[in-house]
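Everything on this sheet refers to the single structure shown next.
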Amino acid sequence: MIGRRTERGARIRRGRSVAGQVFAVQLAVLAVVIGVGTALVVLQTRHAQDDATRAQVIDIAVAVARSPATLTAVRSPDPTALLQPVTESIRQSTGVDFIVVMAPDRTRYTHTDPDRIGKPFSGTIDRALAGETFTETFAGTLGPSIRSVTPVRDGDGRIVALVSAGITRVHIGAQVRAQLPAILMVAAAGLVLALLGALLLRRRLLRQTLGLAPAEMRTLYEHHDAVLHSVHEGLLVFDKSGERADVVNDEARRLLRLPDGPVLRADLPISLQRLGPEVVRDEMHVTPERVLVVNQDLVEHGGRRMGTVLTLRDHTELRDVLGELNSVRGFADALRAQAHEAANRLHAVITMVELGRSREAVAFATAELELSQALIDRLTGAVAEPAVVALLLGKVEHAAEYGVELTVTGDTLLDSTDPLTAHEMVTLLGNLVDNALDAVGRDEDAWVEVTVRRDDAELYVRVADSGPGMSEELFSRATERGYSTKTDHHGLGLALVRRLVARYGGELRASREPEAAVIVRFPCPVSARPDERADAGSGDG
C-alpha cells in the first residue's frame, strides 16, 4: 500500500503522462466539436424547416388562389359564406395555422378566428397587388409567422382578391423540437464512439510510452543521446524482426564502417548477419578491418520481446599484443623443449663417458648436433627473415613434442616477406601451422609440411597435413568468422588469415587432393600498402 501511494505521489509530482495529456486534450476537443456540430445541425434543421414552410405556404396559397371556386366566391354577394368552410377544411388537412382570403383593400373574407373576418389584414400586400407571389416573416394577430401572399386573378387577368397562408413560429419550433431527440441521440452516439476511440488511443500510448510524462521522455532522450555518443562500445539495437536497427551509435558505425542513415542486418559483416535471436557472450568475430568481441542480449518488456541489443568491443590491438605474446610463448616453449632434450642428451653422453665408451659418446653428440644444425643452416639460408626462421624452428620442436613430424620443403625460398610485414608473415604462418597441428591431432604418423616461396610474381604459402581436410562449407565458415571455442578445431586462425588476404588482394583456398592443404597467394609487388597495418592476430588455433 505504501509503495502504491509513493508511486502515485511520484507520478503526481512528475506530471501527467503523455497518454493522459493526449486523452484530456482529445476529450475536450471532441466535446467541443460534437457540441458545436450538434448546434449547427439544430440550426440547419431549423433553416431547412423554414425553407420547407415557405414552400408549403406558397403552394397552399397559390392552389387556393387558382381554384375556380375561389374566383366564383369572391364575385358572390357573400364570399365568406362560400370561402370560410373551404379554407378551414384545407387548413386543417394541410396543417397550416391560417388561410386568409381578402379583398384588394385588405378586408378579410376568411380567417381562423371568425371574429377577425371583415377586419383589415395585418401584413404586407403591396407586392401581391403588383402581381407577385412572395413570403415574409411577420408578427400578425396569431403571433410571428412565415406567410405567403399571392393574387387572385379573373379571366381578364385583373387582381380581384388576395390569398395568404401561414404557419406560426411556435408551430415551426414544435416541429424542430420533435427532431431534437434524434439529433441528440446521434450526437451522444458519436460522443460515446469518440470516447471509446480516445480510450483505446490512450491505452496504446500508455503501452508505447511506458506511462512516461513529457519531461521524463525529454530527459530520457537527452540522456540516451548523450550516452550513445559517449560510450566507447559499438551499440546496435534491432527491432522485433531483428532485420532493422532502430539505434546505431557512432562507435558501431566506426567499427563496422557503416554509412550514415538507416542500417539493416544485411549491411553488417557476414558473421554478424548470421546471428540469430539468441544470447551471445564474448564471441570473437573477424571483419576485414578488425577483431571484435560481440555480445547480444534479448530485450523484453512485460513478457513481450521488443528486440535485440548487439554490443561490439574492438580487440584488434589486444589481439596484436596477444599475437606477439603467443609468438614469444612459442619460442619459449621451443627453447624449453630444446633445453630439456639437450639435458637428456647430455646425461646420455656423460653416462657413456663414465662407462668408458668415449668414442660412442662423441658420435652420439655429433650426430644430434649435425642434425639440428643442418635444419638451422637450411632455414637461415632459405629464409631471409629471422622472425620467420625462429617461428619455423619453434613449430618444428613444438610438433615433435606431440609426435608430429613438421617439415619445411626443400623448395622454400623467402628473400623478403613483401608485401607483408615480418609480423604479418609470422601471423599468417603461425595460424596456418597451428590449424594444421590441430587437424592431425595425435594420429600415428601425423605430419605437417610447410612451403614458403616468393618470386617476382607472387608470395606463395602452402601448409599441408595428414588430416582429413575441410569441406568447402566448413572452410568458408572458418574463414568468414571466428569462433569463441575450438569445438570444431578451427578458431580465429583462418578468419585472421582471410583478413590479411583481403587486405592485400590475395587468394586463399583449401584443397583435399592429393592431400589436405591450405594455399595462400599474394601478388607482388603491391602498388599501394595500407597505412595502418593492424595485426590480424596470432595463432589461437
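When a residue number appears, it is its place in the shown sequence, counting from 1.
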Open item on the list: Check whether Y460 forms a cation-pi arrangement with R454 (NZ or CZ under 6.0 Å from the six-membered ring centre, at most 45° off the ring normal).
Closed with: no
For the student: nearest non-hydrogen atoms of [X] and [Y], plus distance:
X    : Y    : result
P386 : A384 : CD-O, 3.3 Å
A516 : G467 : CB-O, 3.6 Å
S466 : A446 : OG-CA, 3.4 Å
N431 : T427 : ND2-O, 2.8 Å

Spell out, as yes or no, whether a donor-acceptor pair under 3.5 Å connects the side chain of [X] to the backbone of [Y].
X    : Y    : value
T407 : T409 : no
Q273 : A266 : yes
D465 : V440 : no
E449 : L406 : no

Residues [X] and [Y] bridged, charged N to O under 4.0 Å:
X    : Y    : value
D267 : R253 : no
E458 : R521 : yes
D246 : R244 : yes
R462 : E515 : yes

Task: Atom CZ of R254 with >12 non-hydrogen neighbours under 6.0 angstrom - done: yes
- [ ] For D445, enumerate each residue passing the side-chain hydrogen bond (donor to acceptor under 3.5 Å, both in side chains) test, keeping only those at least two apart in sequence or located in another chain.
- [x] none
